[in-house]
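To start, the structure itself, in structure tokens.
Convention: sequence-line order gives letters A, B, ...; per-chain numbering from 1.
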Amino acid sequence: AQSVAQPEDQVNVAEGNPLTVKCTYSVSGNPYLFWYVQYPNRGLQFLLKYITGDNLVKGSYGFEAEFNKSQTSFHLKKPSALVSDSALYFCAVRRWMDSSYKLIFGSGTRLLVRP
Amino acid sequence: DSGVTQTPKHLITATGQRVTLRCSPRSGDLSVYWYQQSLDQGLQFLIQYYNGEERAKGNILERFSAQQFPDLHSELNLSSLELGDSALYFCASSVSAGASYNEQFFGPGTRLTVL
């Protein structure tokens with residue numbers, strides 16, 4: 001079974017508009033969830049994580065994510081998109097596999113912010 | 001800059017050959033992770049080392065091997081290369097042993113092209 005799903009290959013928004021990048025997870029127990037961003041020709045950069053506590057997590061560059069246990073979702077949000085936010089976004093979840101914890105990444109969502 | 005360095009940036013080689021990718025983790029980080037990113041497979045976890053010892057194994061082929069040295073740098077060896085091995089290979093590092101709740105810091109990657 002897929003541990004983490006990003007249902008949208010690409011999200012298009014206009015600069016200044018709010019953005020949402022969707023992520024759903026499927027792991028047993030309490031999930032540890034992460035968002036990473038990849039700019040062109042760069043490695044992944046950590047944005048934010050949810051381990052426990054407040055369902056609304058704030059991260060780097062004005063991004064935040066909302067953990068929703070009933071919907072098994074961890075959507076990434078930003079109130080006002082910037083052109084410079086255009087990048088590839090990955091959701092990830094910790095999963096116990098083969099006697100160890102591993103970070104399982106989603107397929108990625110390309111965010112395109114148009115001026 | 002994440003503090004994780006990878007060499008070389010680009011590598012072009014022929015099928016059947018063997019290559020070595022090198023990674024130096026952030027100062028103070030004991031864990032090193034290797035990932036493969038390709039268009040068809042997405043971001044796949046290969047293997048993790050912690051303080052010189054193998055900690056977790058993912059989708060790593062038998063033709064691939066890795067090690068972490070006493071100075072904590074790591075090398076990923078890819079042998080009997082096939083066209084399908086062409087991908088971006090990332091190294092990441094973190095403080096802790098488990099891929100639990102500490103974020104991973106990614107290097108810029110090595111782009112491998114097998115001709």
Structural part of [X] lying under 4.5 Å from a heavy atom of chain B:
{"X": "Leu88(A)", "value": "side chain"}
{"X": "Gln38(A)", "value": "side chain"}
{"X": "Tyr50(A)", "value": "neither"}

Using the rule that Ile, Leu, Val, Met, Phe, Trp and Tyr join whenever any side-chain heavy atoms are under 4.5 Å apart, tell me whether [X] and [Y] fall into a single cluster.
{"X": "Leu56(A)", "Y": "Phe67(A)", "result": "no"}
{"X": "Tyr49(B)", "Y": "Phe64(B)", "result": "yes"}
{"X": "Val4(B)", "Y": "Phe90(B)", "result": "no"}
{"X": "Leu46(B)", "Y": "Leu11(B)", "result": "yes"}

Is there a side-chain contact between [X] and [Y] in this structure, where contact means two heavy atoms from C-beta onward sitting under 4.5 Å apart?
{"X": "Phe105(A)", "Y": "Tyr35(B)", "value": "yes"}
{"X": "Arg55(B)", "Y": "Tyr101(A)", "value": "no"}
{"X": "Glu103(B)", "Y": "Tyr36(A)", "value": "yes"}
{"X": "Gln48(B)", "Y": "Lys102(A)", "value": "no"}

Exceeds 12 heavy-atom contacts within 6.0 angstrom, atom [atom1] of [X]:
{"X": "Arg42(A)", "atom1": "CZ", "answer": "no"}
{"X": "Leu83(B)", "atom1": "CG", "answer": "yes"}
{"X": "Gln10(A)", "atom1": "CD", "answer": "yes"}
{"X": "Asn41(A)", "atom1": "CG", "answer": "no"}
{"X": "Asn30(A)", "atom1": "CG", "answer": "no"}

Contacting region of Gln37(B) [heavy-atom separation from chain A under 4.5 Å]: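 It is the side chain, since no backbone atom gets that close.
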Under 4.5 Å from a heavy atom of chain A, the part of Lys57(B) involved: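 The backbone, not the side chain.
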Straight-line distance of [X] [atom1] to [Y] [atom2], nearest 0.5 Å:
{"X": "Leu103(A)", "Y": "Tyr33(B)", "atom1": "CG", "atom2": "OH", "answer": "8.0 Å"}
{"X": "Phe45(B)", "Y": "Ile104(A)", "atom1": "CZ", "atom2": "CD1", "answer": "8.0 Å"}
{"X": "Gln104(B)", "Y": "Leu44(A)", "atom1": "CD", "atom2": "CG", "answer": "9.5 Å"}

Sub-6.0 Å ring centroid separation between Phe46(A) and Phe106(B):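 Phe46(A) vs Phe106(B): aromatic centres not under 6.0 Å.
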